[in-house]
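For reference, the structure discussed in these notes is given below.
In this text the structure is predicted, and so the values were computed from the model without any measurement. A note on names: the letters A, B, ... follow the listed sequences, proteins ahead of strands, and every chain is numbered from 1.
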Protein chains: 2
Amino acid sequence: MKNNGFDRNAAPLYVQARTLILERIEAGTYGPGKVLPSEFALADELGISQGTVRKALDTLVADRFLVRRQGRGTFVADHTPADVLFRFFKFYTRDGERVLPSSRDTRVRHRIANASECARLQLECGSRIISITRTRLHGRTPVIREKIALPAETFPGLGANGTVPNTLYDLFQHQYGITVTHASERIEPAAASARDAAHLGLAAGSPLLRIDRLTFGLGKQPIEWRVSLCHLKGVYYLSELR
Amino acid sequence: MKNNGFDRNAAPLYVQARTLILERIEAGTYGPGKVLPSEFALADELGISQGTVRKALDTLVADRFLVRRQGRGTFVADHTPADVLFRFFKFYTRDGERVLPSSRDTRVRHRIANASECARLQLECGSRIISITRTRLHGRTPVIREKIALPAETFPGLGANGTVPNTLYDLFQHQYGITVTHASERIEPAAASARDAAHLGLAAGSPLLRIDRLTFGLGKQPIEWRVSLCHLKGVYYLSELR
DNA sequence: GAGTGGTCTAGACCACCCT
DNA sequence: GGGTGGTCTAGACCACTCT
């Protein structure tokens, strides 16, 4: 057994194989939607057995970096707009139907991050950010007013023409090679300010959901900070606990 | 290879093994905290190989029915009060500390379920339920007013003396052999009614989080319906998206 | 030292997909 | 028909735990 560059005294081989494959996904060697070499080809290349490669792939499938299709191969997960909405947009109607939002009143600005933006995004003081505000609609009803901050350095050129797509996360993957892996949302009740109430067509002081989200990719640093004020007439936020 | 009672033309062997082990957990053959037979012993008993038993156990560990301890054995997950709070109570302080709530003003009643209770709990019209209302505190501050409905048939004798423990789910497991597997929460903003405001020490109309939870065990029928009205001063609800 | 789970290998057969 | 992943086996060695 050749065992190219793998250290048998370090982490288990399948963990080392997982790390290596993940690095290749991150580097774009295996791009979104592309097929990986077969299990036997990878095993040969890495100098380990096919069963060990399979175990590494299993963990990556469980973490949704990869998708297997029997008879065809193993593919890098390709985050379509629908996938992204399915995973990171948790709003449903009373009938259990998914809410597919559209956007309105979008405004994009490039500016220096303020103190709270630097703190939440773990940026150096004085870093530049891209700030997006928009109203999101369910059908014709405005339901969410959201404010998004992105590190400008991570997303060069984003929103340069003053517009931004309705779903950002698939753009992150295909344009910038950044896969969104998870997000952490803090939810609180809040009363609508006069300004937010106007955007949402409500009376000031109406009860809202305030959702403060940090979004993460493969690295430790957050790639997005998003605060959503949600009206949710006839719609609810669904949280599954397991 | 004996292969006791397993059908090689049906589901994969590891799925059949998983189902059988799960049935034994449900039936109490393997009780909470108890050690299972070793992988080789199970393999012998079921007439399959140890690797296949391991794959079945792996899926059950992933679903948190089992816990492995190297050198000691495989154990049925034992839901202590702390575990239950960790999994199903999603409130944190601004510093990221877990909130461990206490209970006050608890009231337990046995009565006929109303229409919405029957619908949510999938009960026959006219079924009996156990209704619990209580206020939950973070330190000395009331933060949540909750109303719980349980099918009386599923939990005979529960709350007969008018009291109920602070954490219900470990009671479900140890007293009634029912393991809570997941819960589904619908979250909406709401304005405090005069009555709820009084329990929480607020002004009427204050913005609240309304959390409507259905809790499930191994069966399809829900085992609990819980509506929580949350004030959350200095506390937030944490939702992790993956 | 005996017994447990954790890792790794090598090889078999199957089901599925493409050309 | 040839290649892919899906399942299953049998056996090896290691790390950990208990007594």
Side-chain angles (χ1 to χ4, degrees), chain A residues 1-21 24-25 30 33-78, chain B residues 1-21 24-25 30 33-78:
Chain A
M1 198 100 274
K2 296 174 288 189
N3 196 357
N4 298 340
F6 275 7
D7 177 1
R8 286 185 179 266
N9 298 317
L13 293 180
Y14 75 90
V15 175
Q16 297 180 55
R18 176 196 155 96
T19 304
L20 189 142
I21 294 165
R24 289 184 179 176
I25 294 171
Y30 306 146
K34 292 292 171 54
V35 66
L36 264 64
S38 75
E39 296 179 352
F40 282 101
L42 279 169
D44 272 2
E45 188 206 339
L46 306 182
I48 59 181
S49 80
Q50 174 260 0
T52 303
V53 170
R54 172 176 294 259
K55 184 152 185 178
L57 295 178
D58 279 344
T59 69
L60 291 165
V61 168
D63 292 343
R64 286 189 278 199
F65 290 106
L66 299 177
V67 174
R68 284 192 210 273
R69 296 189 199 136
Q70 190 176 31
R72 299 188 53 201
T74 304
F75 299 80
V76 178
D78 192 358
Chain B
M1 197 103 273
K2 296 175 287 188
N3 197 354
N4 299 339
F6 275 7
D7 178 0
R8 284 182 180 270
N9 298 319
L13 292 181
Y14 76 89
V15 174
Q16 298 179 53
R18 176 196 156 95
T19 304
L20 188 141
I21 294 165
R24 289 183 179 176
I25 294 171
Y30 306 145
K34 293 290 172 54
V35 66
L36 265 64
S38 76
E39 295 179 351
F40 282 103
L42 279 168
D44 272 3
E45 188 208 339
L46 306 182
I48 60 182
S49 79
Q50 174 259 359
T52 303
V53 170
R54 172 176 294 257
K55 184 152 184 177
L57 295 178
D58 280 344
T59 69
L60 291 165
V61 168
D63 292 344
R64 286 189 280 200
F65 290 107
L66 299 177
V67 174
R68 284 192 210 275
R69 295 189 201 137
Q70 190 177 28
R72 299 188 53 200
T74 304
F75 298 80
V76 178
D78 193 358

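Rounded to a whole Å, the CG atom of A/L42 is 11 Å from the P atom of D/dT4. What separates NZ of A/K55 from C1' of C/dG5 is a distance of 11 Å, to the nearest Å. Regarding A/L46, its CG atom lies at a distance of 14 Å from the C1' atom of C/dC8, rounded to whole Å. Straight-line distance from the CD atom of B/Q16 to the P atom of D/dG6: 19 Å, rounded to whole Å. Rounded to whole Å, the distance from CG on A/L57 to P on D/dG5 is 8 Å. Regarding A/E39, its CD atom lies at a distance of 14 Å from the C1' atom of C/dG11, rounded to whole Å. Following rounding to the nearest Å, A/L66 (CG) and D/dT4 (P) show an atom-to-atom distance of 16 Å. Between A/I48 atom CD1 and C/dG11 atom C1' there is a gap of 17 Å when expressed in whole angstrom units.
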Would you tabulate the pairs of protein nitrogen or oxygen atoms and nucleotide nitrogen or oxygen atoms of nucleotides 13-19 of chain D closer than 3.5 angstrom?
unit_1 : atom_1 : unit_2 : atom_2 : d
D/dC18 : OP1    : B/R72  : NE     : 3.2

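Residues passing the side chain to side chain contact (heavy atoms under 4.5 Å, CB included) test with A/A56, sequence neighbours excluded: A/Y14, A/A17, A/R18. Among residues two or more places apart in sequence or in another chain, the salt bridge (Lys or Arg N to Asp or Glu O under 4.0 Å) test is passed with A/D58 by A/R68.
Projected onto DNA chain C by closest heavy-atom contact, A/G51 and B/L36 fall at different nucleotides, the more 5' of which corresponds to B/L36.
Considering CG of B/L57 and CZ of B/F65, their distance stands at 13.5 Å, rounded to 0.5 Å. For the atom pair B/Y30 OH and B/I21 CD1, the distance stands at 6.5 Å (nearest 0.5 Å).
With B/E39 contributing its side chain and B/V53 its backbone, the two residues share no donor-acceptor pair below 3.5 Å.
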Go through it in stages, so that I can follow the logic: the residues are A/T74 and A/V35, the test is side chain to side chain contact (heavy atoms under 4.5 Å, CB included), and I'd like the CA-CA distance, side-chain angles, deciding distance and then a yes or no.
CA-CA 6 Å; A/T74 304; A/V35 66; 5.8 Å; no
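A donor-acceptor contact under 3.5 Å is not formed by the side chain of B/R54 with the base of C/dG5. In terms of polar N and O atoms assigned as donor or acceptor, the side chain of B/R68 never comes within less than 3.5 Å of the base of C/dG6 in a complementary pairing.
Not one side-chain nitrogen or oxygen of B/S49 sits closer than 4.0 Å to the OP1 or OP2 atom of D/dC8.
Across D/dT9, C/dC8, D/dG5, the shortest atom-to-atom separation from the side chain of A/T52 is found for C/dC8.
As judged by a 4.0 angstrom heavy-atom cut-off over every strand, B/Y14 is placed among residues touching the sugar-phosphate backbone only.
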